[in-house]
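Heads up: the structure comes next, in structure tokens.
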There are 2 protein chains.
Amino acid sequence: MFSNSSKYAIKSVLFLAINSTENKKIMVKDISIPINVPKAYIAKLLQELAKKNMISSVRGPKGGFYLNEENLNRTVLDVVRVIDGEKKLNACMLSLKKCNEEKPCPLHNILSESRNKILKNLKNKRIKDLAYEVTLGNSFLPL
Amino acid sequence: MFSNSSKYAIKSVLFLAINSTENKKIMVKDISIPINVPKAYIAKLLQELAKKNMISSVRGPKGGFYLNEENLNRTVLDVVRVIDGEKKLNACMLSLKKCNEEKPCPLHNILSESRNKILKNLKNKRIKDLAYEVTLGNSFLPL
DNA sequence: TCTTAAATATGATTTTTATCATATTACTTC
DNA sequence: GAAGTAATATGATAAAAATCATATTTAAGA
């Protein structure tokens, strides 16, 4: 359902939400290890996320990545969307182009309700919210 | 969530369920077009499905593919399982090795309920059932 | 303003997935 | 039992996703 890249992106954004502020920027090399993603790979992803305004960055010494208020208010779905793109998210489970609510494909009824629920949950969950839950211990770390 | 191959596999099994019997076998070339999957590709998939006893086949003239009673009683999940393998199905949405019900990852609560429901539905749905629904018109064809 | 530290841009490599091609084997029919 | 037909086994190629590498640009601080 989600690509590896999306998963990595969520992990890194969440990590930044918890550990960074504008006054405490974090460098790629300090993200890579704790979230357990290869450095060069996450570097590229972070660049893409920054370009799409999902995270903030400044370069040069004392530079790094962090989340500003706008970034914190993005939803988890936003993150997935900028990485995987719209089509993948809404693709029919049998990859039938013509499948939709009126003309559902054979698996549509079995899957669509749950799938829509997942998307709705991801859309309702801001990065800020997720980070808050994690710090409360509702979910464990080691990403 | 599911690979292309799994989707193709479901389509072809469903097509066979609806259109074939032991006395009316169907050849690859007559499956490929209606389900809209490249011939050489579906051929290979059908071979794999046959080897795993998800579908039946006989070769030579008058040969082809069909579903026997055992095949018809397989579930949709079985089909996905033989193609994609167990790991992919149960993988955590953030790909965290240690994520489980007791120690859930940050997205676990958002996703696991819906995901489990999908898996349950796929497990409860026999090929036979799905074919029946389709012929009733509860779901449309052109696969 | 020079040096250094960091992200950025760009693209090469590797791995995985999807797709294609063909020689071999088994079954029918004559 | 020979000829033809269809699946099977095997592997080659192509495309996409994941991973790695590096030269360039920007900002900070001396």
Side-chain angles (χ1 to χ4, degrees), chain A residues 1-12 16 20 22-33 35-68 71 80 83-85 87-88 91 94-95, chain B residues 1-12 16 20 22-33 35-68 71 80 83-85 87-88 91 94-95:
Chain A
M1 191 153 179
F2 308 119
S3 69
N4 245 332
S5 292
S6 275
K7 297 176 178 181
Y8 292 170
I10 293 173
K11 288 209 240 182
S12 54
L16 287 173
S20 79
E22 181 158 8
N23 301 315
K24 190 185 163 203
K25 308 185 184 70
I26 302 188
M27 297 183 291
V28 263
K29 61 172 183 177
D30 294 321
I31 299 179
S32 160
I33 304 259
I35 71 172
N36 195 30
V37 173
K39 192 173 98 195
Y41 193 11
I42 200 62
K44 205 170 195 175
L45 274 177
L46 289 171
Q47 289 167 26
E48 200 171 343
L49 289 169
K51 191 151 51 175
K52 300 279 181 55
N53 281 312
M54 300 301 302
I55 66 179
S56 306
S57 66
V58 316
R59 44 183 165 181
K62 292 287 160 101
F65 297 93
Y66 68 98
L67 302 197
N68 62 23
N71 302 145
V80 175
I83 299 297
D84 278 351
K87 321 130 229 164
K88 182 171 269 177
L94 282 184
S95 301
Chain B
M1 191 150 179
F2 308 121
S3 69
N4 244 332
S5 292
S6 276
K7 297 176 178 181
Y8 293 171
I10 293 173
K11 288 211 239 181
S12 55
L16 287 173
S20 79
E22 181 157 10
N23 301 314
K24 188 185 164 204
K25 307 184 185 72
I26 302 189
M27 297 182 293
V28 262
K29 61 171 180 177
D30 295 321
I31 299 179
S32 159
I33 305 260
I35 69 172
N36 193 32
V37 175
K39 195 173 97 193
Y41 192 12
I42 201 62
K44 204 170 195 174
L45 273 177
L46 289 170
Q47 290 167 27
E48 200 172 342
L49 290 169
K51 191 152 52 174
K52 299 278 181 56
N53 281 311
M54 301 301 302
I55 67 179
S56 305
S57 66
V58 316
R59 44 184 164 180
K62 293 287 160 98
F65 296 93
Y66 67 98
L67 301 199
N68 63 22
N71 303 143
V80 175
I83 300 296
D84 278 351
K87 319 131 232 163
K88 183 170 271 180
L94 284 184
S95 302

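The figures here come from the full heavy-atom set of this structure, side chains too, leaving out hydrogens, waters and symmetry mates. By convention in this document, chain letters (A, B, ...) are assigned in the order of the sequence lines, proteins followed by strands, and residues within each chain are numbered from 1.
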Practice task
Determine, stepwise, if the pair B:Tyr66 / B:Val58 fulfils side chain to side chain contact (heavy atoms under 4.5 Å, CB included).
Solution key: CA-CA 9 Å; B:Tyr66 67 98; B:Val58 316; 4.3 Å; yes

Practice task
Run the numbers on B:Ser12 and B:Leu49 for side chain to side chain contact (heavy atoms under 4.5 Å, CB included), then give the verdict.
Solution key: CA-CA 10 Å; B:Ser12 55; B:Leu49 290 169; 4.1 Å; yes

Exercise for the section: Decide side chain to side chain contact (heavy atoms under 4.5 Å, CB included) for B:Val37 and B:Ile31; before the verdict, give the C-alpha distance in whole Å, the side-chain angles of both, and the deciding distance to 0.1 Å. Expected result: CA-CA 8 Å; B:Val37 175; B:Ile31 299 179; over 6 Å; no

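For DNA chain D, the contact window with chain B, defined by any atom under 4.0 Å from a protein heavy atom, covers D:dG4 to D:dA12 in 5' to 3' order.
Between A:Tyr66 atom OH and C:dA7 atom P the separation is 13 Å, expressed in whole Å. Rounded to an integer number of Å, the gap from CG of A:Asp30 to C1' of C:dA7 is 14 Å. Taking atom CZ of B:Arg59 as the reference point, atom C1' of C:dA23 lies 13 Å away to the nearest angstrom. Distance, B:Ile35 CD1 to C:dT19 C1': 14 Å, rounded to whole Å.
Of all non-hydrogen atoms in A:Leu45 and A:Ala9, the two that sit nearest each other are CD1-N, 4.2 Å. Counting all heavy atoms, side chain and backbone alike, A:Ile42 lies closest to A:Tyr8 at CD1-O, 4.0 Å. Nearest heavy-atom pair, A:Ala43 versus A:Val28, reported as atom, atom and distance to 0.1 Å: CA-CG1, 3.6 Å. Closest non-hydrogen pair, B:Ile55 versus B:Leu46, comes out as CD1-O, 3.5 Å.
At C:dT19, one or more side-chain N or O atoms of B:Tyr8 fall inside 4.0 Å of OP1 or OP2 (strictly under the cut-off). Side-chain nitrogen and oxygen atoms of A:Ser57 include none within less than 4.0 Å of the OP1 or OP2 phosphate oxygen of C:dA6.
Between A:Pro61 and A:Ser3, it is A:Ser3 whose nearest contact on DNA chain D lies nearer the 5' terminus. If A:Lys62 and B:Lys51 are placed on DNA chain D by their nearest nucleotide, the residue sitting closer to the 5' end is B:Lys51.
A donor-acceptor pair is defined here as one N or O able to donate and one able to accept, closer than 3.5 Å; no such pair exists between the side chain of A:Asn53 and the backbone of A:Asn71.
Across all strands shown, B:Ile83 has no heavy atoms under 4.0 Å from either base or sugar-phosphate atoms.
Contacts between residues 40-49 of chain B and DNA chain C, defined by a heavy-atom separation under 4.0 Å, are made by B:Ala40, B:Tyr41, B:Lys44.
With no hydrogens or angles considered, no side-chain donor-acceptor pair links A:Ser32 and A:Tyr41 at under 3.5 Å.
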